[in-house]
Number of protein chains: 2
Amino acid sequence: MNALFKALNDPTRRKILQMLRDQDLSAGEISDQFDISKPSISHHLDILKRAQLISGEREGQFIRYSINTTVLEEAANWFLEIINQSSDP
Amino acid sequence: MNALFKALNDPTRRKILQMLRDQDLSAGEISDQFDISKPSISHHLDILKRAQLISGEREGQFIRYSINTTVLEEAANWFLEIINQSSDP
DNA sequence: TCGTTATTTAGATAGTTATCTAAATATTTA
DNA sequence: TAAATATTTAGATAACTATCTAAATAACGA
């Protein structure tokens, strides 16, 4: 849970997730959408990977990143559990 | 969204939310559950308040903190939107 | 009003993080 | 094999954060 919330606590990383929601992308394609150096984006991708929010597979010269919704579902449940149990007898 | 994810990115604050899920508590009652100084807990409560995850109302000598699920619902939706739109045509 | 209890504010510090540039690794193509 | 492209790793730095102690504010009760 720590790695997950840490990963989500950054607007760049949240935007990356939203980009990958629509389609898989290479590191370079992701990097193109930001005014941030490629090494910095690589670092963000690493943090998202550690949280298991994304996975990357090399395809030749590129690495193809895709979103992993399993952990997001766990996170959504974390919220729903708090919401549902609140003020319940 | 920034304040929300920042607030959630700390195990102490997440535990406070889970405590308030069951019942309203004073700052002192919250503080008793942690090996952390009262000023530090007060600081955590402030961050949760800024994110509108909790609210505090003075009741005489005490301040009674309660959870606010509205923002949690917005957060849950943020996750569900990503989950549901992924891999959709 | 004075002392006690509850909580916050102020100021300091150690640890963490986002970012950068430079260099390294991996793959393809000529 | 050498050059070009894609990505990561290393090392440095400025900004942020969690924590502490000491002091301030607020409310109660004798």
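Just so it is clear, the values below take in all heavy atoms, side chains as well, and ignore hydrogens, waters and symmetry mates. Convention: sequence-line order gives letters A, B, ...; per-chain numbering from 1.
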S.K.: Applying side-chain contact (heavy atoms from CB on, under 4.5 Å), run through A/F5 and B/R13 and close with a yes or a no.
M.R.: CA-CA 12 Å; A/F5 283 112; B/R13 291 195 288 268; over 6 Å; no
S.K.: May I ask you to verify whether the side chain of B/Q61 and the base of C/dT5 hold a donor-acceptor pair under 3.5 Å?
M.R.: yes
S.K.: Using whole Å, report how far NE2 of A/H43 lies from P of C/dT16.
M.R.: 13 Å
S.K.: Please state whether the phosphate of D/dA6, meaning OP1 or OP2, lies under 4.0 angstrom from any side-chain nitrogen or oxygen of A/Y65.
M.R.: no
S.K.: Rounded off to whole Å, could you give me the NZ-to-P distance for the A/K6 and C/dT17 pair?
M.R.: 4 Å
S.K.: Would one find a side-chain N or O of A/S37 under 4.0 angstrom from OP1 or OP2 of C/dT21?
M.R.: no
S.K.: Nearest of D/dT19, C/dT8, D/dT8 to any side-chain atom of B/S40?
M.R.: D/dT19
S.K.: Roughly, in whole Å, what's the span from CD1 in B/I41 to P in D/dT17?
M.R.: 18 Å
S.K.: Below the 4.0 Å mark, does D/dA6 have OP1 or OP2 next to a side-chain nitrogen or oxygen of A/R58?
M.R.: no
S.K.: Where the side chain of B/R64 meets the backbone of B/E57, is there a donor-acceptor pair that is under 3.5 Å apart?
M.R.: no
S.K.: What nucleotide, of C/dT19, D/dT8, C/dT7, holds the atom closest to the side chain of B/K38?
M.R.: C/dT7
S.K.: Nearest-Å distance, CD1 (B/I16) to P (C/dT7)?
M.R.: 13 Å
S.K.: Between B/N9 (CG) and D/dT17 (P), how many Å, whole number?
M.R.: 10 Å
S.K.: From the options C/dT19, D/dT8, D/dT19, select the nucleotide whose nearest atom is closest to the side chain of A/T12.
M.R.: C/dT19
S.K.: Expressed in angstrom and rounded to an integer, what is the separation of A/F62 atom CZ from D/dA4 atom P?
M.R.: 17 Å
S.K.: What's the CD1-C1' distance between B/I63 and C/dT7, to the nearest Å?
M.R.: 6 Å
S.K.: Kindly say if A/S26 contacts the phosphate of D/dT7, meaning a side-chain N or O under 4.0 Å from OP1 or OP2.
M.R.: yes
S.K.: Mind calculating the distance between CG (B/D10) and C1' (D/dT19) to the nearest angstrom?
M.R.: 11 Å
S.K.: Using the side-chain heavy atoms of B/P39, tell me which of these nucleotides is nearest: D/dT21, D/dT8, C/dA18.
M.R.: D/dT21
S.K.: Would you indicate, yes or no, if C/dT19 has its OP1 or OP2 atom less than 4.0 angstrom from a side-chain nitrogen or oxygen of A/H44?
M.R.: yes
S.K.: To the nearest 0.5 Å, how far apart are OG in A/S26 and CZ in A/R58?
M.R.: 11.0 Å
